[in-house]
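Naming: A, B, ... by sequence-line order, numbering from 1 per chain.
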Number of protein chains: 2
Amino acid sequence: MRSEIQPGGQKARSFIEEARRDQIVRAAVEVIAEVGFARASLARIAQRAGISKGVISYHFAGKEELMEQVVDRVYAQIGEFVVARMEGAESAAELLRTHIVSVAEHMRANRVQLTALGEIFNNLRTTDGEPRYGVHTSEGLYQALESIYRRGQDRGEFRAFDVRVMAVTHQAAIDAMFAYWQTHPEHDLEAHARQLADLLERACT
Amino acid sequence: MRSEIQPGGQKARSFIEEARRDQIVRAAVEVIAEVGFARASLARIAQRAGISKGVISYHFAGKEELMEQVVDRVYAQIGEFVVARMEGAESAAELLRTHIVSVAEHMRANRVQLTALGEIFNNLRTTDGEPRYGVHTSEGLYQALESIYRRGQDRGEFRAFDVRVMAVTHQAAIDAMFAYWQTHPEHDLEAHARQLADLLERACT
DNA sequence: TGAATTTCTGACCGCATGGCCAAAATTTAG
DNA sequence: CTAAATTTTGGCCATGCGGTCAGAAATTCA
């Protein structure tokens, strides 16, 4: 027995184990971004990490848990960065613009993570064949965006519109901005982000 | 030799062969929509079509050609429907609204095709590992949308903005609308389409 | 130091895949 | 009707997959 179940449901992990998990997750991010989800086998990830394939099975319950770890860690990073930038913003319009611009800024500096996240999002399926991520897992994100838009409506900044449609569109527009940038690396991401912020702000007023 | 290369680059196909190809393509659409791209093996598709696996290999050069056929045929259907609806529209705003609403209308009646298209779009890769479809294959679509937006600018209907950003956002918003509808079948697709048309129209003026 | 524990290795398993092909069945042409 | 051409079958192959495991190596602990 290498660890016990803790009250919180988390395993107690040694430093070494945590370091290994980090290393494997990072290797997974790189491999997925390079060759795509379908070709990102445990063998390739292990090779990239410079370890034997069995180590992954030793530290992770299976491929699914590894992929979920990738998602969780990347998401945590993004959230940390963006939330910090949004603090202090007052108006809804300002919140909007800050959200878009800061996500863009962070992702420009972490391109591989973005690619890997997209791959997992689009491809990972649970054992029974259903997509593991998708619109249904974005519910929390949508609600967060909705609260911004609703705030704008309450403050009289924004007109009346369906906040769910706006939130879905908002998130899709950001994703598309990244997708476009990924295939057109010379594309000016920051300029796109500003244009998008203008666009959405006008759509609300 | 079962067929010769024609001047146009197309093979000359017998009625029987064309019918078989149609049948296989339709089976592929169904299977992909049901179990996803990764699990849509040639065996499953053949089983669905009620034929032997080898038949697919006989009529298609490989899995990639089959998938491309699926995309081509579904795209052709969508284009035919939408273009017919857009004829007669005068103002750019009207064109915009018609585009969004008619795509939604068509897809509501052809849900499996939409799902299959998305699966292939996200997963199909060429032999060398590069994504077969993606932003880079949407160039034609973007240009078509840009021409609408530019028309609006020329006519003085629309303000000055980056038409490429608008086109990318426009397409992404439509895709997201479908994705949301797919996981929330009770969602009112037509209402969403109308909201989206309002939203984009306001963003332009 | 020496024993206990954790971590790692490399071979191996069962399985599903895409593709291949000889032979059978069917359709077409003379 | 017969022969040629087309189409289909069903089994076979090599490959790569995720996962497992016994035993070796490394680390920790007493």
Whole angstroms only, please: what is the CD1-C1' distance between B/I24 and D/dT8?
11 Å
Determine, for B/F60 and B/K53, whether the Lys NZ or Arg CZ falls below 6.0 Å from the six-membered ring centre while staying within 45 degrees of the axis.
no
In whole angstrom, what separates A/F60's CZ from C/dC8's C1'?
15 Å
Spell out, as yes or no, whether a donor-acceptor pair under 3.5 Å connects the side chain of A/R21 to the backbone of A/H59.
yes
Euclidean distance, atom CD1 of residue B/I51 to atom C1' of D/dG10 [Å, nearest integer]
13 Å
Can you list the residues that meet the side chain to side chain donor-acceptor pair (under 3.5 Å) rule with B/Q153, with sequence neighbours excluded?
none
With the side chain of B/Y58 defined as its heavy atoms from C-beta on, choose the nearest nucleotide among D/dT7, C/dT7, D/dT9.
D/dT7
Indicate yes or no: does A/E34 engage A/R44 in a salt bridge with an N to O separation below 4.0 Å.
no
Please tell me if A/H59 has a side-chain N or O lying less than 4.0 Å from either OP1 or OP2 of C/dC8.
yes
Please give, in whole Å, the distance from D/dG19 P to A/I45 CD1?
11 Å
In whole angstrom, give the distance that lies between atom CD of A/E65 and atom P of D/dG18.
15 Å
Return the orientation label for the A/F161 and A/Y149 ring planes: parallel under 30°, perpendicular over 60°, tilted otherwise.
perpendicular
Could you tell me the separation between the CZ atom of B/R20 and the P atom of C/dT26, rounded to a whole number of Å?
13 Å
For the residue pair A/Y180 and A/H192, categorise the inter-ring angle as parallel (less than 30°), tilted (30 to 60°) or perpendicular (more than 60°).
tilted
Which nucleotides of nucleotides 13-23 of chain C have their base under 4.0 Å from a protein heavy atom (B), which only their sugar-phosphate (S), and which neither (-), written as one string 5' to 3'?
----SBB----
